[in-house]
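Some notes on the structure that comes next.
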Amino acid sequence: MSRRWIQNPNRCADEYLDGIEDFIEFARRQNPGATRIRCPCRRCNNTLWETIENVGFHLVRNGMIETYSIWNLHGEQVDHASSSNAPRVDNVEPIVDPNDQVVGIIQDAFPFASTNINQEGEDDVPTPIDSAEFEQYEKLLKNANQELYPGCESFSVLTAIVELMHGKIKYRMSNLCFDYFLGVFKRMLPTDNCLPKDHKHAQKVLHGLGLGYEKIHACKNNCMLFYKEHETLDTCPICNESRFKMTSQNRTTKIPQKVMRYLPLKPRLQRLYMSTHTATDMRWHKEKRVDDDVMRHPADGEAWKEFDRTFPEFAADPRNVRLGLATDGFNPYGVLNQHHSTWPIFAFPYNLPPWKCMKKEYMMMTVLITEDPGRSIDVYLRPLVDELKDLWTNGVRTYDKSTGRMFTLRAAVMWTVNDFPAYAMVSGWSTKGYMASPVCKEDVTSGWHAGKVCYLGHRRWLPWDHEWREKDKEFDGNTERRLRSREWSGDEILEQLNRLDFAPFGKTKNVFDTLVGTILDIEGKTKDTIKARLDLERMGIRRGLWMNRDSDKARRDLAFFSMKPNDKKEFLKFVSSVKFPDGYASNIARCVNVDGGKFTGLKSHDCHVFMQRLLPVGIRHLLPEDVVKPIMLLSRFFSQLTAKTLRRTDMFQLRHDIVQVLCKFEMIFPPAFFTSMMHVMVHLPEEALLAGPVNYRWMYPIERLLGELKKSVRNRAKPEGSIIEAWVQYEPLTFCGIRLSPPPPQPPPLVPWRPCRRRRHRSLIAVAVATVASTGTQPRRCRFSFLCATPACLFSAPLFDMFGPLDRTETHMSDLIRRGRSMTTAPSSDPPAQSASAATAPALMDYVVVGPGASRAPASSASSVEQPASARQQHRPTDTIDTTSTDGTGASGSQPGITTLLYCSFYIEI
């Protein structure tokens with residue numbers, strides 16, 4: 001029987017699918033009664049045991065090992081006479097000696113010491129390696145060629161240390177724990193082994209692969225750094241504070257008052273070009289990026305393109321690095337000390353493709369500050385700014401592994417990524433007070449309401465002839481005649497602040513706290529306070545929300561936009577009953593206090609999921625329709641804005657929609673509701689047009705990295721020392737991982753829908769996401785997701801291959817509902833068509849309609865959103881699936897249509 005189907009790259013072909021069935025039947029015959037067999041897919045690699053059904057699914061999704069043509073691990077008898085010289089067949093990749101790989105890593109780290117660089121067409125010769133670096137190279141090469149013990153061919157000394165240190169960093173082993181196991185391994189090996197005896201000696205071996213850091217003393221009052229021209233001073237020339245602490249006279253070494261750790265940026269950027277894979281990926285933005293109307297990368301943004309037009313010499317070489325800078329503070333002690341704050345500053349290259357950009361492996365810590373620098377952060381940024389200026393003006397000679405030639409590497413900072421308080425520190429523009437908006441500046445509409453500064457006047461962004469401009473009592477008591485706030489040019493901002501920066505993407509958490517705290521009337525978080533009611537009386541608007549006065553007392557009645565106590569309890573019970581797939585969100589149920597009527601411990605990503613998925617479903621029958629609709633529109637706004645791919649036409653529409661939402665909010669909530677974070681939303685679509693998708697500029701990756709740094713603190717007396725030592729150990733091991741890692745596998749092709757062939761499959765859970773055009777008789781080509789319950793598998797196929805043309809779609813869906821049950825429904829005018837991704841699909845909490853004539857579900861249906869047990873067990877996040885695009889790009893679309901999300905159960909007999 002021919003097994004050439006294993007080599008077929010098209011896993012949708014009938015030949016391949018029939019071959020999988022033949023393999024399953026063969027495994028059943030050879031292993032009668034067995035429920036689990038080895039899985040020969042490329043991921044499991046015949047090392048994991050799976051059920052026979054799961055094995056079939058893995059082979060479709062991942063493909064079979066291409067060299068596994070003799071199924072000896074599944075019962076096939078091997079003819080030793082004919083296969084004695086055959087290679088091993090239980091590995092996907094060819095066997096490569098790990099010692100040779102480590103030698104390759106050393107040669108990458110020291111290219112001038114081991115190779116002759118081809119200088120054809122270059123303007124100068126490479127900088128010769130100095131004696132110290134050559135000595136490190138010789139030590140590493142000696143350890144790479146030295147056997148771990150006499151006769152050991154699998155591991156050299158350096159290979160063993162790299163493997164052990166990888167485990168230490170990955171599983172966060174302490175130095176004492178690592179020393180213990182290192183001693184145990186050393187006693188297990190032959191007595192003449194060369195394994196280091198403890199962590200200190202192992203770290204010395206890897207010292208040559210590390211990049212190190214510098215300690216720079218700082219003034220106790222953050223006045224200056226003892227750096228360059230001030231390096232020899234013992235007192236601060238500004239405040240006359242001593243550089244060192246007062247210690248005993250018998251002490252030979254002096255202890256500085258404050259120390260900043262600086263990690264040079266140039267060698268870390270050069271290392272990106274020392275590996276063939278990363279050197280090639282650093283040119284992805286120019287050579288492989290698709291330039292169309294869809295924004296998938298910061299290079300698709302207008303700011304990137306304008307930068308290329310302004311500096312064509314810089315843009316001519318795609319190897320020049322575009323950087324982003326991010327900083328935020330965190331408490332390394334957790335809850336033990338509420339006052340200490342550590343501030344790292346990270347740089348990350350935007351040249352990389354989307355699947356590598358903003359990942360931990362490619363983030364570079366450049367500065368570590370021991371406490372909150374406040375407004376003096378520019379003092380600590382001076383070494384980094386000096387290096388960035390030199391990289392922009394002169395560059396640094398760098399060896400490109402992919403071409404084998406030298407080139408001059410230059411770098412430029414595109415923008416910074418911060419939360420709103422840190423943005424004020426970095427940019428110098430105060431984010432508090434009457435001019436808190438860094439985009440509107442002094443042209444912002446702000447006023448004093450309920451004891452604080454609030455930001456109204458969003459009618460300025462409406463068209464000049466809009467009817468809402470003439471209304472006064474519904475808003476702040478005045479008509480609106482002003483134009484929208486002016487747009488400041490880069491030269492004007494540079495003249496004011498001496499730096500050009502983009503407004504940061506405001507966290508969804510700030511908007512969530514304001515909105516949910518008000519509609520749930522949570523004490524301490526609601527903006528509907530007594531001061532807010534008195535402010536309405538002072539303004540003479542919305543008499544229905546004034547204080548209710550009886551004789552000599554006044555009380556605040558519950559507002560129409562807040563839930564009643566019983567409704568609040570029902571809403572919180574609904575939230576506590578929701579179950580999310582693994583990795584989609586944290587356990588939000590444990591953050592719900594039903595009896596206390598509030599949320600506790602919600603993280604920013606939890607609020608992100610809550611705002612987009614749960615809030616529109618939970619409130620729709622508990623609040624008036626006039627309140628629910630703008631909240632649903634706000635949820636849709638964030639869902640479309642935070643998609644992985646954006647269309648420019650969508651962003652123009654969102655720029656119009658958010659103004660409508662904020663104006664509706666001004667007619668509902670009191671002025672105290674409109675904090676600076678509520679106002680910033682009006683600028684977010686414009687920022688997306690300038691800088692591209694939001695997921696390259698938000699704080700979630702930075703916050704996850706800060707959590708990793710917090711876990712690396714071992715010595716609580718010196719937390720910054722623990723963090724920096726752990727980071728410099730992580731860097732060379734990451735470089736080894738980048739050097740050893742193969743290119744990312746191409747995603748498998750979409751599997752067309754076909755009837756289920758499993759005889760015992762009776763239960764089928766289907767998730768269908770589709771967009772049907774509301775105009776015309778010929779629908780657009782769409783895609784849908786098909787989830788099989790046992791095992792969990794996701795297929796994508798043209799929707800109408802299953803449901804037929806438009807005139808039959810409603811009939812087919814109604815038939816499915818009669819055979820199963822619809823999970824939830826909602827009006828058809830609100831739901832958006834957006835890109836499904838690992839963060840948004842499966843969209844179980846999306847708005848749902850069935851057919852063009854869907855109506856609102858009864859109030860009791862909101863509590864039925866919880867998935868069946870079988871679906872909860874098998875549901876997993878999926879890859880990007882195109883729901884609106886016809887070109888397979890997966891971009892979110894804004895074409896008029898009806899978004900259909902069907903989640904139902906039905907039975908089939910095959």
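Position 1 is the first residue of the sequence; numbering continues from there. Only this structure's heavy atoms are used, side chains among them; waters, hydrogens and symmetry mates stay out.
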[atom1] of [X]: more than 12 outside heavy atoms within 6.0 angstrom?
{"X": "Lys215", "atom1": "NZ", "value": "no"}
{"X": "Lys603", "atom1": "NZ", "value": "no"}
{"X": "Lys286", "atom1": "NZ", "value": "no"}

Are the aromatic ring centres of Tyr227 and His217 under 6.0 angstrom apart?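 Here the rings of His217 and Tyr227 have centres that are no less than 6.0 Å from each other.
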Do His605 and Trp698 have ring centres separated by under 6.0 Å?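 No, the ring of His605 stays outside the 6.0 Å limit from the ring of Trp698, centre to centre.
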Given the ring of [Y], does [X] sit roughly above its face, with NZ or CZ under 6.0 Å from the centre of the six-membered ring and within 45° of the axis?
{"X": "Arg319", "Y": "Phe407", "result": "yes"}
{"X": "Arg289", "Y": "Trp284", "result": "no"}
{"X": "Lys360", "Y": "Tyr730", "result": "yes"}

Without hydrogens or angle criteria, can the side chains of [X] and [Y] be said to hold a donor-acceptor pair below 3.5 Å?
{"X": "Asn222", "Y": "Lys258", "answer": "yes"}
{"X": "Arg172", "Y": "Ser712", "answer": "no"}
{"X": "Ser604", "Y": "Glu703", "answer": "yes"}
{"X": "Ser722", "Y": "Asn715", "answer": "no"}

Sub-3.5 Å donor-acceptor pair from the side chain of His285 to the main-chain atoms of His297, do we have one?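 No, because the side chain of His285 does not come within donor-acceptor range (under 3.5 Å) of the backbone of His297.
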Short question: side chain of His340, backbone of Thr370 - any donor-acceptor pair under 3.5 Å?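 Yes; judged by distance alone, with no hydrogens or angles, the pair exists.
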What I'd like to find out is whether the side chain of [X] reaches to under 4.5 Å of the side chain of [Y], using heavy atoms alone.
{"X": "Thr398", "Y": "Leu269", "result": "no"}
{"X": "Met260", "Y": "Tyr380", "result": "yes"}
{"X": "Leu189", "Y": "Leu195", "result": "yes"}
{"X": "Tyr333", "Y": "Pro719", "result": "yes"}
{"X": "Leu206", "Y": "Val162", "result": "yes"}

Please name the pair of heavy atoms, one in [X] and one in [Y], separated by the smallest distance, quoted to 0.1 Å.
{"X": "Pro344", "Y": "Leu709", "value": "CG-CD1, 4.2 Å"}
{"X": "Arg410", "Y": "Asn320", "value": "N-OD1, 3.1 Å"}
{"X": "Cys591", "Y": "Leu602", "value": "CB-CD2, 3.8 Å"}
{"X": "Val259", "Y": "Pro256", "value": "CG2-CG, 3.3 Å"}
{"X": "Cys39", "Y": "Cys44", "value": "O-CB, 3.5 Å"}

Under a 4.0 Å threshold between the charged nitrogen and the carboxylate oxygen, would [Y] count as salt-bridged to [X]?
{"X": "Glu50", "Y": "Arg38", "answer": "no"}
{"X": "Lys204", "Y": "Asp198", "answer": "no"}
{"X": "Lys288", "Y": "Asp281", "answer": "no"}
{"X": "Glu361", "Y": "Lys356", "answer": "no"}

Check the angle between the aromatic planes of Tyr350 and Phe348 and answer parallel, tilted or perpendicular using the 30° and 60° thresholds.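 Judged by the thresholds at 30° and 60°, the geometry between Tyr350 and Phe348 is perpendicular.
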Between [atom1] on residue [X] and [atom2] on residue [Y], distance to nearest 0.5 Å:
{"X": "Thr342", "Y": "Asp328", "atom1": "OG1", "atom2": "CG", "answer": "11.5 Å"}
{"X": "Met699", "Y": "Leu705", "atom1": "CE", "atom2": "CG", "answer": "10.0 Å"}
{"X": "Tyr399", "Y": "Met406", "atom1": "OH", "atom2": "CE", "answer": "9.5 Å"}
{"X": "Asn175", "Y": "Lys200", "atom1": "CG", "atom2": "NZ", "answer": "11.5 Å"}
{"X": "Met365", "Y": "Thr327", "atom1": "CE", "atom2": "OG1", "answer": "10.5 Å"}
{"X": "Ile724", "Y": "Tyr262", "atom1": "CD1", "atom2": "OH", "answer": "12.0 Å"}

Among Ile345, Leu225, Thr366, Asp386, which residue satisfies the side chain to side chain contact (heavy atoms under 4.5 Å, CB included) criterion with Leu381?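 Among Ile345, Leu225, Thr366, Asp386, the one meeting side chain to side chain contact (heavy atoms under 4.5 Å, CB included) with Leu381 is Ile345.
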State which residues pass side-chain contact (heavy atoms from CB on, under 4.5 Å) with Leu176; sequence neighbours excluded, sorted by chain then number.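 Checked Leu176 against side-chain contact (heavy atoms from CB on, under 4.5 Å); matches are Ser174.
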